[in-house]
2 protein chains.
Amino acid sequence: MNLLSNGGVTSPEGFLASGIHCGLKKNNLKLDLALIYSTVPASSAGVYTKNKVKGAPIYITKEHLINKKAQAIIINSGNANTCTGDDGLSKAKRMTELTGKALKLKTTDVLVASTGVIGVPLNIDAIKDGIPLLSERLSKDGFDDAAKAIMTTDTYKKQLAFEFYIDNKKITIGAMSKGSGMIEPNMGTMLSFITTDLNISGEMLNEALKESVKISYNRVSVDGDTSTNDMVLVLANGLAKNSKITKKDENYYTFLNVLNTLNIILARMIAKDGEGATKLIECIVSNCKCEKDAEILSKSVINSPLVKTAIFGSDANWGRILCALGYAGVNINPNKVDLSFESSTGEIEICKDGMPLPFDEVKAKEILLQDEIKILINMNSGECSSIAWGCDLSYDYVKINGDYRS
Amino acid sequence: MNLLSNGGVTSPEGFLASGIHCGLKKNNLKLDLALIYSTVPASSAGVYTKNKVKGAPIYITKEHLINKKAQAIIINSGNANTCTGDDGLSKAKRMTELTGKALKLKTTDVLVASTGVIGVPLNIDAIKDGIPLLSERLSKDGFDDAAKAIMTTDTYKKQLAFEFYIDNKKITIGAMSKGSGMIEPNMGTMLSFITTDLNISGEMLNEALKESVKISYNRVSVDGDTSTNDMVLVLANGLAKNSKITKKDENYYTFLNVLNTLNIILARMIAKDGEGATKLIECIVSNCKCEKDAEILSKSVINSPLVKTAIFGSDANWGRILCALGYAGVNINPNKVDLSFESSTGEIEICKDGMPLPFDEVKAKEILLQDEIKILINMNSGECSSIAWGCDLSYDYVKINGDYRS
């Protein structure tokens, strides 16, 4: 498995992309409309927010994916098209019609996603006027503009691609994501779009995506707020010409392994670029009774505002971590918990059997001043583990979300 | 029911209190040791944190309350005596022994509570040296010092007292609380101490306390972090000489009503004085299928960092509120939700049937600039309701908990 330099959604065979400014964002320089296109029909699968309040695009995309086939994805930022009623639904539908018309595809072969403000009518005219240019701009180089066009408060683009081999055929997989705020996965949160030239059935693609989302996007939290518009979509167009994956054989697991790696990298990027974040927090809970408990515990730690602010302040406040384990709703034995911090400068043991150890405070500070912090928790109660990714809570989170004067 | 001016835990007949600085807090001017004493034995009840990581005082107080009787409560701030192992347990026990000796009480008639930093050995010598002075200072005027001595990052004392009548006897009930950070009720969080001269059995007192905690402290959240040391204790010494309440009769409900009012006022005070808070948020969810759903929904709204930052910024961001309802884990119909904001300057309807209404933004801003904001949510799906109390999320929350340089 090789990470490609400068890879993205157009790295796999037969995929083109583009991104333009059509007028949904006020700033003319900010792209707000993206398109991903496969030159041939592709197997496709999606996973969606579990929020009961769902954006209109969720309904349309789900409907268009009933046959597990698609060929294009149209995505806008700047407006979530959520809480917009029947008008919102018909505009989401309209986005797929207009895109289908421009690309000579059936409407149902086009998927749609939106991100941005909730409850504001979507400016469909801007999108309508933009789609011809967006289609014209489709190219192999368009991945970068597409990745920019789906950003909201993200501070950097999130995209990558891998190469791997199945049946001695080179397979390429690429992806782009956006995250930032309103991020707490109750499915696989945020937006993520994955393309691959793998030959795989829609059923198996769907299985793999669901499996992978559980241990990647579903273990990220920026602020505990599960968005209304979260969506992960994958298109697999088969141009790599491997023998089609139609069951859970060795090739399926080879693909799943790559998909997991890809999604975990994107999940970490999303956590690290959480609104106002200065640090990535990776919480690894090991030796737990079952994986579900480990997952709940790891997520409780990365969601705790007191842990998040302590990490922002580079403070080895293990008491807040134990506290977050204690209220997670899982039956734990606090007297068995061991705790360490780790970063690029080293590792330090802080707590053993639920009790503090004497530790070198200068070394602890040095570890916690880095921008990727691991919290290692050994429950000493079983054999299961989980990782969750979050970020610190800084002044800038408050500024971005609450201070409109500045 | 009359609110007493300048009331507190010593307002009821036969209660004395005191507060001193014994040396647990570094600042000499800050009180850190409090005592509440009833001149006669009292019925007593307690409710404790559900965090699996519990402070040592929780275990000792629970043990001493098996007989539902007590006569004194010793409380320290500056150290939570949590994650301190057997040493912590023996020191918590020692606090009750030393207090019992000074007051000529059985050790088991003394209850103990602690709040402050986790995982640091308790300086029992400072407490030992302080207890004689603390006992000596016991007085009717001591309620104020006691209320100060339990504060941590609280910015003001939280105490009050009511008078009411049962059997034509005047009953007085007083209380003091502390809150601020690590506040999310999974029992009745934070510390709260209630005194009354009511004549009531330990069993009925216990019933009333549990009932009342559910709809008061258990509906407060500052940051979603359930502390390890939360405790609510009540002493009822019977000196008002009403006929003893031993069953759920009219007198019981009269008392319960007063107790609810008292605890709700304290719960609101705790929410309003949350770490860094500039505003109290009161979320009222009405016309819901069942009370449990209403409670979960109201707590989801007050816990949302995005709602909290929006209220900090006085922004009528109803989309974030709908989003928080949607991910609460309750089966809701978003298309039936009506939403208003209310404060001392008026009320404004923002959203009807899940869709935005046109509203006067100047009026909305004026409403949201006040320091007590009501979020009124009508689910239009049933007859049950719930209120939850929280606070906004400001720069100061981050500063208090994360920025040790300033």
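Note: hydrogens, waters and symmetry copies are ignored here, and every other heavy atom, side chains too, is used. Keep in mind that what you see is a predicted model, and the values were worked out from it rather than measured. Every chain is numbered from 1 and lettered A, B, ... according to where its sequence line falls, protein lines coming before strand lines.
A pairwise comparison of heavy atoms in A:Cys83 and B:Gly354 identifies CB-O, 3.6 Å as the closest pair. Minimum heavy-atom separation, A:Pro356 to B:Gly119: CG-O, 3.2 Å.
Among the candidates A:Val117, A:Thr82, A:Asn331, the residue making the largest number of heavy-atom pairs closer than 4.5 Å to chain B is A:Asn331. Comparing A:Pro334, A:Gly329, A:Ala80 by heavy-atom pairs within less than 4.5 Å of chain B, the highest count is held by A:Pro334.
Here SG of A:Cys323 is found 5.0 Å from CG of B:Asn51. Values are rounded to the nearest 0.5 Å. Distance check, rounded to the nearest 0.5 Å: CE of B:Met355 to CG of A:Asp86 gives 7.5 Å. Taken from OG1 in A:Thr49 to OH in B:Tyr327, the straight-line distance is 11.0 Å, to the nearest 0.5 Å.
Residue B:Val330 touches chain A through its backbone alone, counting heavy-atom pairs closer than 4.5 Å.
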Open item on the list: For a side chain to side chain contact (heavy atoms under 4.5 Å, CB included) check, start with the C-alpha distance between A:Lys399 and B:Tyr395, then their side-chain angles and the critical distance, and finish with the verdict.
Closed with: CA-CA 8 Å; A:Lys399 184 168 185 165; B:Tyr395 295 113; 3.2 Å; yes
Open item on the list: Checking B:Val398 against A:Val398 for the side chain to side chain contact (heavy atoms under 4.5 Å, CB included) test, could you report, in this order, the C-alpha distance in whole Å, the side-chain angles of both residues, the deciding distance, and whether it holds?
Closed with: CA-CA 9 Å; B:Val398 180; A:Val398 180; 4.2 Å; yes
Task: Verdict with supporting geometry, B:Leu393 and A:Tyr397, side chain to side chain contact (heavy atoms under 4.5 Å, CB included) - done: CA-CA 10 Å; B:Leu393 173 58; A:Tyr397 181 85; 4.2 Å; yes
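In this structure, B:Glu275 and A:Leu306 have side chains that are in contact, with non-hydrogen atoms separated by less than 4.5 Å.
The backbone N or O of B:Gly402 sits nowhere less than 3.5 Å from a side-chain atom of A:Asp315 that would complete a donor-acceptor pair.
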